[in-house]
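Read the structure below first, then the notes.
Values below: all heavy atoms of this structure, side chains included; hydrogens, waters and symmetry mates excluded. One-based numbering, in listed order, for ligands and for the atoms of each. Every value quoted in this text rests on a predicted model; they were computed, and no experiment measured them.
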Amino acid sequence: MKTFCILSAFALVGTCATTKYTTKIQNLKDSITIVDSTLVVKYSNTITAKELSKALYIISSDTFEGRKTGEKGQKLATQFLKDYYIKEEIASPFGDSIYYQTIPESFFSNNIKASENVLAYIEGSEKPNELIIISAHLDHLGIENTGEIFNGADDNGSGTTAIMEIAQAFQQAKKDGHGPKRSILFLHLTAEEIGTQGSLYYTQNPIFPLENTIANLNIDMIGRVDNIHKEDKNYIYLIGSDRLSKELHYLSEKVNNTYFNIDLDYRFNAENDENHYYSRSDHYNFALHGIPVIFYFNGEHADYHKTTDTPEKIDYLLLQNRTRLIFATAWQLANQPNRLVVDTKNQLLLN
Ligand SMILES: [Zn+2]
């Protein structure tokens, strides 16, 4: 399943062009040079199961009442994130201690109250105008009619804590004199569960120009194992990586092959996939603006969107390794010499 997209691209060009096409793929792969490998290993090792677990037990605790958009629990969650970034001395792009992008009630329907995206930011040292966005939604489903709380540990406490740890690793590197060359925005989105409204609002009201946003790595559920992978859990689904930039796809693979060897499963990236995951989480609003995206996802499981999605069911070592992969991919995007090439129409390989 791993080669699905490459195979479908082969089908497009026909057999006579196959050699040329494979040469182009090889040339593209060869053109990607892994940067700063010693530093990447050093700082990815600061991302640990223990710290992820500590934060995830908090964010998915009953105190946060299922983090329903606009409600008290969601506000507590955004406050928790803001306090974290202040403590970690990671700035907000707004300056001072304003970490919120407030979305007014008028933006929503169905009596949803005003809500907030949370933004933290590390400015690039050499190309500050070029931006990588690492995103995950912070909201969830609130409280069940029975009074039971939707803790949303995997959905999406896992992505939320992954960003916290990735931000901390980049900040530690910066303190040591190894800050990213391009800027990085850590974007905790609200209102995903009611139709990716937080990312829609951000892309309609971007804090940094979308034309300078070179990639979006979006994380939504990376702490569990689905039925397909019960026997070998060292996997993650990647969706979207080759749609708008072939370079992103091969860069992501090269980073993984260099450091982690996680099974990158592309089955849900198939254009005709009936689940339509490509359009179902926040990255899609960035893709609609031509920004290359990767969506990281563990697939659905028995506790998906149930009150039983609780923190003791998370595999923290797995969460750690997947988070490290995303960190290392972001590091490569932020620090490699060239800006990621967008080839929406597959120009890199077909011309
Ligand atoms: Zn989700």
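- The set of protein atoms (N, O or S) found at less than 2.8 Å from the Zn ion (ligand 1) reads H137 NE2, D155 OD1, D220 OD1, D220 OD2, by chain and number.
- The 12-atom threshold is not exceeded at CG of N111, counting heavy atoms of other residues, nucleotides or ligands nearer than 6.0 Å.
- Here Y121 pairs with F208 under the ring-ring contact (aromatic ring centres under 6.0 Å, His included) rule; sequence neighbours left out.
- For K313, the NZ atom counts as densely surrounded, since its 6.0 Å shell holds more than 12 non-hydrogen atoms of other residues, nucleotides or ligands.
- Y201 belongs to a hydrophobic cluster whose other members, connected by ILVMFWY side-chain contacts under 4.5 Å either directly or through intermediates, are I103, F107, F108, I112, I194, L200.
- Grouped by direct or indirect side-chain proximity (heavy atoms under 4.5 Å, Ile/Leu/Val/Met/Phe/Trp/Tyr only), L141 sits with F150.
- Taking the centre and axis of the six-membered ring of Y259, the NZ or CZ atom of R324 falls outside the cone set by 45° and 6.0 Å.
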